[in-house]
Amino acid sequence: MIEFKNVTKGYDKNKSDALKNVSLFIDKGEFVFLVGRSGAGKSTFIKLLLREIEATEGSVYINNFNVSKLSKKEIPFLRRKMGIVFQDFRLLENKSVYENVAYAMEIIGKSEKQIQKRVPLALDMVGLSHRMNHYPHELSGGEQQRVVIARAIINNPSILICDEPTGNLDPETSYEIISILEEINRRGTTVVVVTHDREIVDTMKKRVLTLEDGVLKVDDATGRYGYEV
Ligand code: ADP
Ligand code: ADP
């Protein structure tokens with residue numbers, strides 16, 4: 001679960017705050033879209049969740065932990081609870097699909113046996129078993145994004161954060177990616193998707209949070225894209 005209690009974040013004293021007194025609660029297992037114009041505060045929201053930055057005022061809770069109370073040593077453990085999917089894929093070009101996903105397990109010290117068991121399951125989940133030994137440049141954009149998703153879920157995060165996951169993809173591929181995220185959510189992971197894709201938001205009928213100039217303007221349970229372009 002994610003909770004913001006009266007969170008304000010200012011970067012610059014001479015400028016308006018990037019987030020202004022934002023309070024919200026996202027329960028375990030929810031699927032939420034976060035929308036808003038460029039500069040509305042979406043990246044700031046994500047960086048607060050990852051504790052890349054700290055709130056100026058208020059508190060951020062993840063799975064009941066106040067993230068600003070975590071010590072330096074505890075932060076990596078917080079981040080392991082979260083899977084992250086960015087728009088720009090950032091796969092390792094010299095590693096195969098299998099190796100890209102396996103690498104996320106290696107760096108946290110999982111055994112070869114665990115890796116060999118889990119990686120094929122994750123690739124199956126995103127429909128990429130047949131591309132296991134291919135390299136990123138041999139894949140389409142949608143396939144690369146599937147690898148990124150497999151990598152993000154390989155260590156069983158409780159929360160999956162996706163920043164414009166369909167930003168570079170055509171509409172049909174975008175829907176395929178969103179249905180994979182929906183399936184991951186169905187299996188129990190909380191999913192937060194930052195997006196500009198009005199059509200997807202309106203079609204999916206999920207909860208939509210709308211930020212406007214740092215203010216949480218709309219929290220709509222029935223899924224409507226919350227501002228006019
Ligand atoms: P979004 O992701 O919705 O585009 P951001 O969270 O990136 O919005 O930005 C919100 C506001 O905070 C903007 O006015 C932006 O210019 C400002 N901002 C973001 N990051 C910084 C930073 N590192 N230093 C100063 N201002 C920043
Ligand atoms: P916006 O959401 O405002 O359009 P981006 O999604 O491009 O902006 O980036 C949001 C923030 O996340 C930026 O500060 C960027 O440096 C960071 N970022 C983007 N992609 C990655 C990544 N793959 N790994 C780590 N940080 C990233």
Side-chain angles (χ1 to χ4, degrees), residues 1-26 30-62 66-68 70 72 75-76 78-79 81-90 141 144-145 148-149 151-152 157 159-169 174 177-178 181 185 190-204 206-221 223-229:
M1 70 88 200
I2 296 167
E3 185 169 18
F4 275 48
K5 277 192 186 164
N6 305 103
V7 173
T8 292
K9 172 65 190 177
Y11 291 100
D12 185 341
K13 285 201 179 63
N14 304 316
K15 271 181 58 185
S16 160
D17 290 328
L19 286 183
K20 295 166 184 151
N21 198 27
V22 170
S23 293
L24 57 87
F25 182 82
I26 299 173
E30 280 197 69
F31 189 119
V32 179
F33 285 114
L34 177 65
V35 306
R37 287 191 181 85
S38 189
K42 304 178 302 294
S43 301
T44 300
F45 177 87
I46 290 177
K47 287 177 184 169
L48 284 164
L49 287 180
L50 298 171
R51 244 228 46 195
E52 286 180 21
I53 56 173
E54 285 194 71
T56 315
E57 284 169 59
S59 314
V60 175
Y61 297 85
I62 292 172
N66 182 338
V67 303
S68 59
L70 295 177
K72 266 219 173 82
I75 292 172
L78 166 80
R79 295 201 182 132
K81 299 257 181 303
M82 289 186 271
I84 306 161
V85 173
F86 283 105
Q87 168 178 15
D88 50 349
F89 313 105
R90 306 220 184 171
Q144 291 188 39
Q145 193 60 297
V148 172
I149 294 170
R151 183 179 65 182
I159 302 169
L160 182 64
I161 299 166
C162 308
D163 192 0
E164 293 285 353
T166 62
N168 292 325
L169 306 173
S174 297
I177 294 295
I178 291 289
L181 299 179
N185 174 247
T190 307
V191 176
V192 178
V193 180
V194 174
T195 186
H196 283 113
D197 197 326
R198 171 186 292 268
E199 202 196 302
I200 282 186
V201 171
D202 288 347
T203 308
M204 299 295 291
K206 304 288 188 188
R207 180 177 172 193
V208 185
L209 302 173
T210 304
L211 283 171
E212 213 177 286
D213 195 20
V215 177
L216 181 60
K217 271 280 173 163
V218 186
D219 184 348
D220 181 4
R224 200 175 43 80
Y225 200 80
Y227 65 92
E228 300 307 315
V229 173

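All values derive from a computational prediction rather than experimental measurement. Both ligands and their constituent atoms are indexed starting at 1 by order of listing.
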Could you tell me, atom by atom, which parts of ligand 1 come under 4.0 Å of a heavy atom of S43?
1 (P), 2 (O), 6 (O), 7 (O)
What distance do Q144 atom CD and L169 atom CG have between them, rounded to the nearest 0.5 Å?
9.5 Å
So that I can tick it off, tell me whether K20 and D213 are bridged by a salt bridge, with the cut-off set at under 4.0 angstrom between side-chain N and carboxylate O.
yes
Checking R79 side chain against R51 main chain: does a donor-acceptor pair fall under 3.5 Å?
yes
Please indicate whether any nitrogen or oxygen in G41 is less than 3.5 Å from any nitrogen or oxygen in ligand 1.
yes
Please round to the nearest 0.5 Å and tell me the distance separating atom OG1 of T44 and atom CG of L211.
9.0 Å
Enumerate the atoms of ligand 1 whose separation from the nearest heavy atom of A18 is less than 4.0 angstrom.
10 (C), 11 (C), 12 (O)
Is the shortest heavy-atom distance from the side chain of K81 to the side chain of I159 under 4.5 Å?
no
Which of the ligand 1 atoms, numbered from 1, are nearer than 4.0 Å to a heavy atom of R37:
3 (O)
In Å and rounded to the nearest 0.5 Å, what is the CG to CD distance from L48 to E54?
9.0 Å
Could you establish whether G39 and ligand 1 come within less than 4.0 Å of each other, counting only heavy atoms on the residue side?
yes
Among L19, T44, D163, which residue places a heavy atom closest to atom 6 (O) of ligand 1?
T44
Is K47 near ligand 1, meaning one of its heavy atoms is under 4.0 Å from it?
no
